[in-house]
Amino acid sequence: MQRKSLVLSGLALLGASCATPALSAELTISCGAVGAELELCQQGVEAWEAETGHEVEIVSTPNSSTERLSLYQQILSARSGDIDVLQIDVVWPGLLANHLLDLKETLGADAAAGHFDAIVANNTIDDRLVAMPWFTDAGVLYYRKDLLAQYGFAPPETWQQLTDIATEVQAAERQAGNDQMWGYVFQGRAYEGLTCNALEWVASQGGGTIVDADGEITIDNANAAAALDLPAGWIGEITPQGALNYTEEEARGIFQSGNAVFMRNWPYAWSLAQSEDSEVAGKVGVIKLPHGPNGESAAALGGWNLAVSKYSENPELASELVAYLTGEAEQKRRAIEAAYNPTITSLYADEQVLEAVPFFGTLYDTFTNAVARPSAVTGDNYGRVSNAFFNAAHAVLSGDQSGAEAVSQLDGELSRIKRRRW
Ligand code: GLC
């Protein structure tokens, strides 16, 4: 029942051509629906159907990574084969590995050749390739080129500069009649997206990465505390109070309608901001995120992969669909049409890709040096670690705790989680 309604809600979003659910289909794939994601997935799937004559159903899943993980955990722990191909977050291979097929068995030992080594390593658990890289992600800073030029500012390099420019431009724009204008929007809801934003604040100000590569908990330090206090000061000043509940799409909505000077988001927002119905088309620049006095710019490493459920009744066919969707032609199309970062290294030298998304070239280092969340080292405890971290960051943003109180309490919580072993 649950599956059918999910399928229907996914199809409803896909428009009239899919009005009749193909419940007889041989395969089911879950796709994200952030921005143009679902449409893009549908196009890829249709191309594979046309080429092979097989039939696939698309299931749309919640946009919030945190909610999507709960859904997958329910489905997989029931050993249900309802979804054959799962779109999984870069932080989940360790959490879900036991439920996923080793794609080297179905696609061969070289299945992931040509993809970024770091992602292949991330997706390889106990020598099993549990997911094929589909697209990578890194947090970037969007800014209004027109407004910065108009008020005589260079793009910010530090968080303090961002704060100052946002304050001034917001005030001037409001004075000029745009009383909806805000300085900075980002993802402040208590979910995985806030883990990414807060990791960027902390790492770019010398506060570390919550848990280091050896598994040591490092979050209780003065730089991390200060890095959480700074954004708390933005709320209600240059960032709307509502940002405490923003995911990617709410932030994009404000920026794309012309009501924010700066936005932190993932690359997908580029194509949509440049689209015909965008208020800011042609007015947007994309640069690396700012840093603080004690650190360097840090972009959280994101991205999504395609995995095959161990409970699939059609593992070979499901693997073929995964190979097609993660293959070069499809990754190139997704990059050009919708700014999804390829995971195939050679596509970063492709002229058509670079023309469509110039910052894939200018920010190449940002994409290859993005800071990983501590999912590999915390293994199947990562979900708890991330929840504890985003709740701590949210408490500071909401004004309920100081940065110092939050990181000290978080240190205690993480120590308790660590006792279960990671
Ligand atoms: C993006 C990233 C993903 C991250 C999520 C958080 O989808 O690709 O890795 O977990 O945002 O909202």
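Atom set for the values below is all heavy atoms of this structure, side chains included, hydrogens, waters and symmetry mates excluded. Along the sequence shown, residues carry numbers from 1. Every number for a ligand or one of its atoms is a count from 1 in the order of the listing.
Outside the 6.0 Å centre-distance limit, the rings of Trp270 and Phe360 are not counted as a close aromatic pair. The aromatic ring centroids of Trp92 and Trp304 lie less than 6.0 Å from each other.
With no hydrogens or angles considered, no side-chain donor-acceptor pair links Tyr72 and Gln87 at under 3.5 Å.
Listed by chain and number, the residues in a ring pair (Phe, Tyr, Trp, His ring centres under 6.0 Å) with His291 amount to none (sequence neighbours excluded).
The backbone N or O of Leu100 lies less than 3.5 Å from a partner atom in the side chain of Arg128, making a donor-acceptor pair.
Here the closest heavy-atom approach between residue Ala138 and residue Ala299 is recorded as CB-CB, 3.9 Å.
Listed by chain and residue number, the protein contacts of ligand 1 are Ser65, Asp89, Val90, Asp137, Tyr191, Glu192, Gly193, Glu248, Trp266, Gly302, Gly303, Trp304, Arg373 (heavy atom within 4.0 angstrom).
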